[in-house]
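What follows is a short report on a single structure.
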Protein chains: 2
Amino acid sequence: MFEHKTISLSDQVFERLEDEILWGNYQRGDTLTEMKLVTDLGVSRTPIRDALHRLEQERLIEITPRGILVLGVTGKDLADIYAIRIRIEGLAAREAAKYITDDQLAELKETLELQEFYVGKQNPDGIKIMDSQFHSLICQFSGSAILYDTIIPLHKKIQRYRRAAVSVNERAQESVQEHRAIYEALVKRDSDEAEHYMVEHVRKARDYTLQQEDWL
Amino acid sequence: MFEHKTISLSDQVFERLEDEILWGNYQRGDTLTEMKLVTDLGVSRTPIRDALHRLEQERLIEITPRGILVLGVTGKDLADIYAIRIRIEGLAAREAAKYITDDQLAELKETLELQEFYVGKQNPDGIKIMDSQFHSLICQFSGSAILYDTIIPLHKKIQRYRRAAVSVNERAQESVQEHRAIYEALVKRDSDEAEHYMVEHVRKARDYTLQQEDWL
DNA sequence: CACGGTATAATTGTATACATAAATACGATT
DNA sequence: AATCGTATTTATGTATACAATTATACCGTG
């Protein structure tokens, strides 16, 4: 069994529409129809319907007999997501510290150094990608598929605001330093310290993000 | 706009298959095909494919070019889910305590009393349903859609084990008492107490559940 | 008898035709 | 002029036909 999994049109449409919504190109209250997406995206209704039903399951849209309503992410969602992240993302760091391998540490180090590089270049897109990857890797290395599936969707939903945060050079520098502290704790395989620095990191990210009132 | 949302075949197939997997009728490693489901369920491929893609998104199955692999819930998942619940379900109780209305308290009370009734009757199915509803209501009353969407899928994945737990009369009685403590705290609108009792409740449920080794 | 290639079958992915339901627009009627 | 009923339009839900890929079985050949 070779089992090579190709990227289906459904998946492509799903990711594209998810992005459009999460980056605000489609806003809360906008309405869509399948036929409009057919002409816009150039694929048939089948993969589009697949994608839409998955987006509905993530509560990003609502499908009604008369059209598709964009829900997106609200300001309340943003606050709620940080409240949850503060409570569980430390767990991911804690578990990762227990089981992380040298190879995984090397991968994390490279991501961290790339992030530092982009901070130096003041490249928000680069920073944001490496920031996401850093957190994503730690979730992976936690060894818990459930934890990964719980945290990553939350990250994705607020990527727009995290992108905005690291556009401010001060915050970008703080953020990467906090990442380094987490990384160093992981090198020492110190669970308590890894958890502590992760929680503090998320807390600071929340404080910074929620105080920018004009983002919603 | 009447917007009456009928229950589509896709939804019915989704819930049915989700149930079959979560209750162990389809086990990890089992393989399915769309055509088998077509003949078994008596609907066309379209709603079945919709349902399968949503199940894949929940990581309950894996769809490959040669068939469908059932993943289900592992023992590791069970432990991971409790670790997460211990960290965030108290938050749901805390938030609910802030905003809960008298009507919502009445609804919660009725659920609680029904659960007590079923415990008296030693009716595990009844207990399990009311137990689930109690937790679900508190998530609703927290006012956070994100929190609801984060916790409820975790509940669903371990419903089989929670059902088993409340089949033991001792645990069923403890459990309903713990629920009552949470309810009383909510009546007082005491956030700290509500959170405390919820965390303790989940912790005890975990201890009881994970010690039954023969469940996986 | 072993091995390789080709044909076949079985599977999911995709497109499209048809069914169904509801909102809207239009016309007739009072 | 207002209102009720009906026809039409528009939307998603469903079924089915077709495409593409790949594992498998079979047959021929060395």
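Naming: A, B, ... by sequence-line order, numbering from 1 per chain.
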With sequence neighbours excluded, what pairs up with A/Leu71 under the side chain to side chain contact (heavy atoms under 4.5 Å, CB included) test?
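In terms of side chain to side chain contact (heavy atoms under 4.5 Å, CB included), with neighbours along the sequence ignored, A/Leu71 is linked to A/Arg28, A/Glu62, A/Leu69.
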
Distance in angstrom units between [X] [atom1] and [N] [atom2], rounded:
X	N	atom1	atom2	value
B/Glu62	C/dT12	CD	C1'	14 Å
A/Met35	C/dC18	CE	P	15 Å
B/Ile7	D/dT14	CD1	P	12 Å
A/Glu34	C/dA15	CD	C1'	13 Å
A/Leu41	C/dA15	CG	P	11 Å
A/Ile63	D/dT14	CD1	C1'	15 Å
A/Leu9	D/dA20	CG	P	12 Å
B/Leu32	C/dA10	CG	P	18 Å

Starting from the C-alpha separation in whole Å, work towards a yes-or-no answer on side-chain contact (heavy atoms from CB on, under 4.5 Å) for A/Phe141 and A/Thr101.
CA-CA 9 Å; A/Phe141 300 161; A/Thr101 68; over 6 Å; no

Would you kindly check whether a donor in the side chain of A/Arg66 faces an acceptor in the base of D/dT12, or vice versa, at under 3.5 angstrom?
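For A/Arg66, whose side chain was compared with the base of D/dT12, there is no donor-acceptor pair (under 3.5 Å).
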
Start with the C-alpha gap between B/Gln212 and B/Tyr208, add the side-chain angles, then the distance that decides, and say whether side-chain contact (heavy atoms from CB on, under 4.5 Å) holds.
CA-CA 7 Å; B/Gln212 315 290 322; B/Tyr208 188 87; 3.7 Å; yes

Return yes if some donor-acceptor pair links the side-chain N/O of B/Ser136 with the main-chain N/O of B/Ser132 below 3.5 Å, else return no.
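Not a single qualifying donor-acceptor pair exists.
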
Tell me every residue that passes ring-ring contact (aromatic ring centres under 6.0 Å, His included) with B/His135, counting only those two or more places apart in sequence or in another chain.
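Expected list: B/His155, B/His179, B/His201.
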
Considering only heavy atoms, which members of residues 44-52 of chain A lie under 4.0 Å from some atom of DNA chain C?
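Per residue number, the list reads A/Ser44, A/Arg45, A/Thr46, A/Pro47.
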
First of A/Val43 and B/Gly67 reached from the 5' end of DNA chain C, by closest nucleotide
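That would be B/Gly67.
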
Please confirm whether the shortest side-chain N or O distance from [X] to OP1 or OP2 of [N] is below 4.0 Å.
X	N	answer
B/Thr64	C/dT11	no
B/His53	C/dT12	no
B/Ser10	D/dT14	yes

For B/Lys98, does the NZ atom sit with more than 12 other heavy atoms under 6.0 Å from it, leaving out its own atoms?
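Yes, NZ of B/Lys98 has more than 12 neighbouring heavy atoms, counting only those of other groups under 6.0 Å.
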
Between B/Asp149 and B/Lys156 (salt bridge meaning N to carboxylate O under 4.0 Å), is one present in this structure?
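Not counted as a salt bridge, because no side-chain N and carboxylate O are separated by less than 4.0 Å.
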
